[in-house]
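Within every chain, numbering begins at 1; the chains are lettered A, B, ... in the order of the sequence lines, protein sequences first and strands thereafter.
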Amino acid sequence: MKVAIVVFPGSNCDRDISWAIKNICGKKPDYIWHKEKNFTNYDLIILPGGFSYGDYLRCGAIGSHSPIMKEIKKRSQNGTKIIGICNGFQILTESKMLPGSLLQNENLKFICKKIYLKVKNNNTFVSKKYKLNEIINVPIAHMEGRYYCSKETLKELENNNQIIFQYCNDNGNVKNNYNPNGSIMNIAGIVNLKGNVLGMMPHPERCSEELLGGENGIKFFRSIFESIN
Amino acid sequence: MLRDAILDPQGNTIKKSLNSLGFKNVKSVRQGKLIEIDLNTSSSNKEKKNIEKMCEDVLTNSLTEKYKIKFLK
């Protein structure tokens with residue numbers, strides 16, 4: 001399994017996710033600077049969390065125009081698996097690789113805490129090791145995580161089973177009370193129609209070993225490992 | 001500016017603050033961003049298309065935001 005992690009100026013979860021993958025899958029990913037245009041083939045490309053370009057203009061907006069993004073877009077169309085976590089998700093929506101947009105949290109606060117997620121589709125490359133409707137405890141840490149899309153897009157996401165993770169309580173109740181940021185339909189993570197591009201606000205890399213206070217993210221990386229090998 | 005259909009929590013907070021300061025007739029507030037661009041040209045007609053392209057491609061997210069362009073001397 002060949003994995004690349006794109007490093008933007010301001011990325012700060014690049015090392016965390018590299019550590020998690022090395023720990024769980026045994027292979028150390030490569031880092032690629034966002035200015036690269038030519039690079040070798042990878043099975044998986046990760047856009048990590050952080051504050052690319054200081055979140056200036058809109059989160060992910062400037063990063064989505066980084067030189068590397070053209071090539072990543074091309075490769076995603078050819079089936080390369082792409083993951084964007086937190087700021088990575090924002091970059092994926094800004095670059096139109098995923099539908100919708102991420103707006104400022106409804107309560108205007110930076111939210112940094114562990115929340116519950118429901119696995120709504122376990123038939124994807126990141127969720128196949130989870131049970132359908134499994135409830136997992138994962139941290140979020142963001143200011144702009146309110147997922148928004150048009151009614152038509154929402155219908156498409158639902159009809160095509162593209163909603164992978166939804167915010168819920170510890171019983172798996174998906175209600176507005178358990179929605180930390182005001183996301184439409186409690187959406188925390190989606191895939192594209194083809195199923196090879198995933199974006200999510202929560203951080204599985206921050207709950208993939210006991211020492212960090214949780215292991216619910218391990219199956220996320222095992223799913224990827226199994227899907228690729 | 002955020003599009004009308006999009007919730008603007010910052011605008012709502014500003015509105016509440018204005019109301020509590022005694023400006024009771026403030027019905028709603030929407031807030032946005034002002035970007036000033038200094039161009040190397042004097043012909044605004046020629047640049048209008050260019051600026052529109054900047055707005056569409058980078059400066060705004062057309063799903064959630066709208067924009068207005070104003071030329072100043």
Side-chain angles (χ1 to χ4, degrees), chain A residues 52-67 69-70 73 87 89-111 142-154 156-157 176 179-187 190 199, chain B residues 1-41 44 46-73:
Chain A
S52 59
Y53 289 93
D55 279 353
Y56 296 165
L57 192 61
R58 288 180 311 281
C59 300
I62 302 181
S64 74
H65 291 282
S66 271
M69 289 309 294
K70 248 188 200 158
K73 221 173 201 177
N87 189 226
F89 187 10
Q90 293 161 342
I91 294 173
L92 287 176
T93 57
E94 278 290 338
S95 63
K96 307 271 190 310
M97 287 168 70
L98 285 174
S101 175
L102 292 144
L103 297 165
Q104 198 169 37
N105 298 341
E106 208 171 278
N107 67 0
L108 294 173
K109 286 182 182 151
F110 185 95
I111 309 171
H142 60 247
M143 178 92 170
E144 284 84 5
R146 172 167 50 118
Y147 183 75
Y148 170 83
C149 64
S150 68
K151 276 184 193 148
E152 297 75 43
T153 304
L154 186 61
E156 276 172 34
L157 291 176
N176 209 26
N179 185 343
N181 52 26
S183 288
I184 203 164
M185 258 188 78
N186 287 37
I187 288 175
I190 56 168
Chain B
M1 289 287 294
L2 285 171
R3 286 184 180 275
D4 297 340
I6 309 269
L7 173 75
D8 176 9
Q10 281 197 65
N12 289 346
T13 305
I14 297 167
K15 184 228 164 219
K16 277 184 206 156
S17 165
L18 288 172
N19 286 157
S20 74
L21 286 168
F23 301 102
K24 302 284 184 206
N25 58 348
V26 176
K27 255 169 62 186
S28 87
V29 175
R30 310 278 299 170
Q31 52 78 49
K33 202 172 260 184
L34 174 74
I35 299 174
E36 283 189 353
I37 299 175
D38 197 1
L39 295 166
N40 270 330
T41 167
S44 49
K46 229 168 124 190
E47 283 301 326
K48 189 154 187 278
K49 276 221 158 82
N50 242 335
I51 295 193
E52 273 169 0
K53 190 161 164 43
M54 289 179 211
C55 288
E56 297 293 334
D57 292 354
V58 189
L59 300 180
T60 70
N61 180 326
S62 60
L63 175 67
T64 54
E65 295 171 318
K66 55 185 183 176
Y67 63 89
K68 261 187 206 154
I69 302 167
K70 200 172 168 189
F71 285 96
L72 306 168
K73 285 279 167 225

Looking only at heavy atoms, what is the nearest atom pair of [X] and [Y], with distance?
{"X": "Leu57(A)", "Y": "Ile35(B)", "answer": "CD1-CD1, 3.9 Å"}
{"X": "His65(A)", "Y": "Asp57(B)", "answer": "NE2-O, 3.0 Å"}
{"X": "Glu94(A)", "Y": "Asn61(B)", "answer": "OE2-ND2, 3.2 Å"}

Could you check if a side-chain atom of [X] sits within less than 4.5 angstrom of a side-chain atom of [Y], using non-hydrogen atoms only?
{"X": "Leu7(B)", "Y": "Tyr148(A)", "value": "no"}
{"X": "Pro9(B)", "Y": "Arg146(A)", "value": "yes"}
{"X": "Thr93(A)", "Y": "Leu63(B)", "value": "no"}

### Query
Taking atom OH of Tyr56(A) as the centre, does the number of heavy atoms from other residues, nucleotides or ligands within less than 6.0 Å exceed 12?
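Check fails, neighbour count at 12 or below.
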#### Entry: Within 6.0 Å of CZ in Phe71(B), more than 12 heavy atoms from elsewhere
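Yes - once you tally the heavy atoms of other residues, nucleotides and ligands closer than 6.0 Å, there are more than 12.
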### Query
Tell me, side chain or backbone of Asn107(A) under 4.5 Å from chain B's heavy atoms, or both, or neither?
neither
### Query
Side chain, backbone, both or neither: which part of Ile62(A) has a non-hydrogen atom closer than 4.5 Å to chain B?
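Neither part; nothing is under 4.5 Å.
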### Query
Between atom CG of Leu108(A) and atom OG1 of Thr13(B), what is the distance when rounded to the nearest 0.5 Å?
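Answer rounded to 0.5 Å: 4.5 Å.
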### Query
Between Asp8(B), Asn12(B), Leu59(B), which shows the greatest number of heavy-atom pairs under 4.5 Å with chain A?
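Most pairs with chain A among the choices: Leu59(B).
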